[in-house]
Amino acid sequence: MKICIVHVNAEEVSAPYTQRIVQTFSAAKRDDTELVHRYVRRLKRATDTVFAYPILLNKVDVVDCLLDAALAGVDGAMVACSGDPGVTEARSILSIPVVGPMEASLHLACTYAYKIGIVTVADPSWAEYCHMMVRSCGLMDRLAGIARIEIPSKDAFSRGFVEPESVLREISAKARSLVDLGAGAIVIGSAGLSVIAGAARLSAVPGLGVPIFDCLTTGLKCCELRIDMSRKLGIPEIGRAGFTERLEPKDVDRLRKLFRGADT
């Protein structure tokens, strides 16, 4: 099967990050899974991805990447971002499984424990975004808490990629604090932290037997599963009776011309 990974920053700023994702995904994917990578055109600052306005603007580029990948013949796709930008919108126009890694991780974690916790970055805006995602997934009564690491993001995603020990210790400490609040499973609500944890195989809170899900690898495995469910069991790629009702290709083309003009 062929899966497209869509990155939420332009390729010139995502290359080192992509290398680490490839290493982690290569160890986790099925032998017959081929990964292809696509990048948005415009967004070039990772720090922009924690603010509402650039998230909104970037969704259009993310959906364009997903549409291009589907037209190129991939079997499924996921967004390499714990905010799941553009996923719902893409599902309404594509006939392949499209996975939001955070949504997938939250629901999967609830099959491992009644109460779940989220470890995320230091930015208060992103912690609140994680809270909003839990609510949108209908899992508020399953949430034990959200814990932010105390290392600023600019340090966690620069020095942390080269010398990850301090970031890993911080993830483990915050996960342990959530266990004290009743969490029986932990989701890492950050793509960057997930890459660090995934590369180090930090899959459980040390000494406690509590699973830790890095959202990116979990999203990849869920994408493989959903492709198999469609192929082997005939289950539709998404429910078409509600908000993800399929928009016809002619209407997609019409709307892209209307809102994008010559830039389509």
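To the nearest 0.5 Å, atoms NZ (K2) and CG (D32) are separated by 13.0 Å. Note: R91 CZ to I238 CD1 = 4.0 Å, rounded to the nearest 0.5 Å. Atom CG in L202 sits 6.0 Å away from atom CD1 in I171 (nearest 0.5 Å). A distance of 9.5 Å separates CD1 in I188 from OG1 in T120, rounded to the nearest 0.5 Å. In this structure, R45 CZ and N9 CG are separated by 11.0 Å, a value rounded to the nearest 0.5 Å. Within the model, atoms NZ of K29 and CG of D31 stand 6.5 Å from one another, a figure rounded to the nearest 0.5 Å.
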For residues 213-229, tabulate all N or O donor-acceptor pairs below 3.5 Å that involve a side-chain atom, not counting sequence neighbours.
from : atom 1 : to   : atom 2 : distance (Å)
D214 : OD1    : L216 : N      : 3.2
D214 : OD1    : T217 : N      : 2.8
D214 : OD1    : T217 : OG1    : 3.2
D214 : OD2    : T217 : OG1    : 3.0
T218 : OG1    : D214 : O      : 2.9
K221 : NZ     : A28  : O      : 2.9
K221 : NZ     : E224 : OE1    : 2.8
E224 : OE2    : R30  : N      : 2.9
E224 : OE2    : T33  : OG1    : 2.7
R226 : NH2    : E237 : O      : 2.7
D228 : OD1    : R30  : NH1    : 3.4
D228 : OD2    : R30  : NH1    : 2.4

Please output the side-chain donor-acceptor pairs of residues 107-118 that fall under 3.5 Å, not counting sequence neighbours, one pair per line with the distance.
from : atom 1 : to   : atom 2 : distance (Å)
T111 : OG1    : L108 : O      : 2.6
K115 : NZ     : D141 : O      : 2.8

Distance-only donor-acceptor pairs under 3.5 Å for side chains of residues 125-133, two or more places apart:
from : atom 1 : to   : atom 2 : distance (Å)
S125 : OG     : V50  : O      : 3.1
W126 : NE1    : S82  : OG     : 3.3
W126 : NE1    : G189 : O      : 3.1
Y129 : OH     : G83  : O      : 3.2

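Contact record, A122 with P152: CB-CA, 4.3 Å, taken as the closest heavy-atom pair. Nearest heavy atoms, P211 versus G184: CD-O, 3.4 Å. The minimum heavy-atom distance between L94 and L66, with the atom names listed, is CD1-O, 3.7 Å. In this structure, V121 and S153 approach most closely via the heavy-atom pair CB-OG, 3.7 Å. Minimum interatomic distance between I212 and A175 (heavy atoms only, all atoms of both residues): CD1-CB, 4.3 Å. Contact record, G182 with A144: C-CB, 4.1 Å, taken as the closest heavy-atom pair.
Residue pairs meeting the ring pair (Phe, Tyr, Trp, His ring centres under 6.0 Å) criterion with at least one partner in residues 64-83, sequence neighbours excluded, are absent. Every pair passing side-chain hydrogen bond (donor to acceptor under 3.5 Å, both in side chains) that includes a residue from residues 161-174 is listed here, sequence neighbours excluded: E150-K174. Legend: ring pair (Phe, Tyr, Trp, His ring centres under 6.0 Å) pairs involving residues 6-35, not counting sequence neighbours, sorted by first then second residue: H7-H37, H7-Y39.
No single ILVMFWY cluster, assembled from side-chain heavy atoms under 4.5 Å apart, contains both V36 and M1. Linking Ile, Leu, Val, Met, Phe, Trp and Tyr residues whenever their side-chain heavy atoms come within less than 4.5 Å leaves I96 and M78 in two separate clusters. Taking hydrophobic clusters as Ile, Leu, Val, Met, Phe, Trp and Tyr residues chained together by side-chain heavy-atom distances below 4.5 Å, L57 does not share a cluster with L67. Hydrophobic clustering (ILVMFWY, side-chain heavy atoms < 4.5 Å, transitive): L71 and V87 are in one cluster. When the side chains of ILVMFWY residues are joined at heavy-atom separations under 4.5 Å, either directly or via intervening members, F51 and M102 end up in a single hydrophobic cluster.
Put simply, the side chain of S194 gets close to the backbone of S190: a donor and an acceptor are under 3.5 Å apart. At least one donor-acceptor pair under 3.5 Å links the side chain of D84 to the backbone N or O of E103. Between the side chain of R38 and the backbone N or O of I5, no donor-acceptor pair lies under 3.5 Å. For D75 (side chain) and I3 (main-chain N/O), no donor-acceptor pair under 3.5 Å exists by modelled atom type. Side-chain atoms of N58 come within 3.5 Å of backbone N or O of V8 as a donor-acceptor pair. R135 places no side-chain N or O within donor-acceptor distance of the main-chain N or O of M140, the cut-off being under 3.5 Å.
Counting heavy atoms from C-beta on, the side chains of R246 and S95 come closer than 4.5 Å. Contact annotation: the side chain of V63 approaches that of I93 to within less than 4.5 Å [non-hydrogen atoms, C-beta and beyond].
Around atom NZ of K44, more than 12 heavy atoms belonging to other residues, nucleotides or ligands sit under 6.0 Å away. Shown here is R240, whose CZ atom has more than 12 heavy atoms of other residues, nucleotides or ligands within 6.0 Å.
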For L193 and I149, run side-chain contact (heavy atoms from CB on, under 4.5 Å): C-alpha distance rounded to whole Å, both residues' side-chain angles, the deciding distance at 0.1 Å, then the answer.
CA-CA 10 Å; L193 295 183; I149 67 169; 3.9 Å; yes
Under the criterion side-chain contact (heavy atoms from CB on, under 4.5 Å), I'd like the reasoning laid out for I21 against L35: C-alpha separation, chi angles, the key distance, then a yes or no.
CA-CA 11 Å; I21 290 179; L35 302 180; over 6 Å; no
One pair to check against side-chain contact (heavy atoms from CB on, under 4.5 Å): D48 and Y53. What are the steps and the verdict?
CA-CA 9 Å; D48 285 339; Y53 185 53; over 6 Å; no
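A salt bridge links R254 with D251; the closest basic N to acidic carboxylate O contact falls under 4.0 Å.
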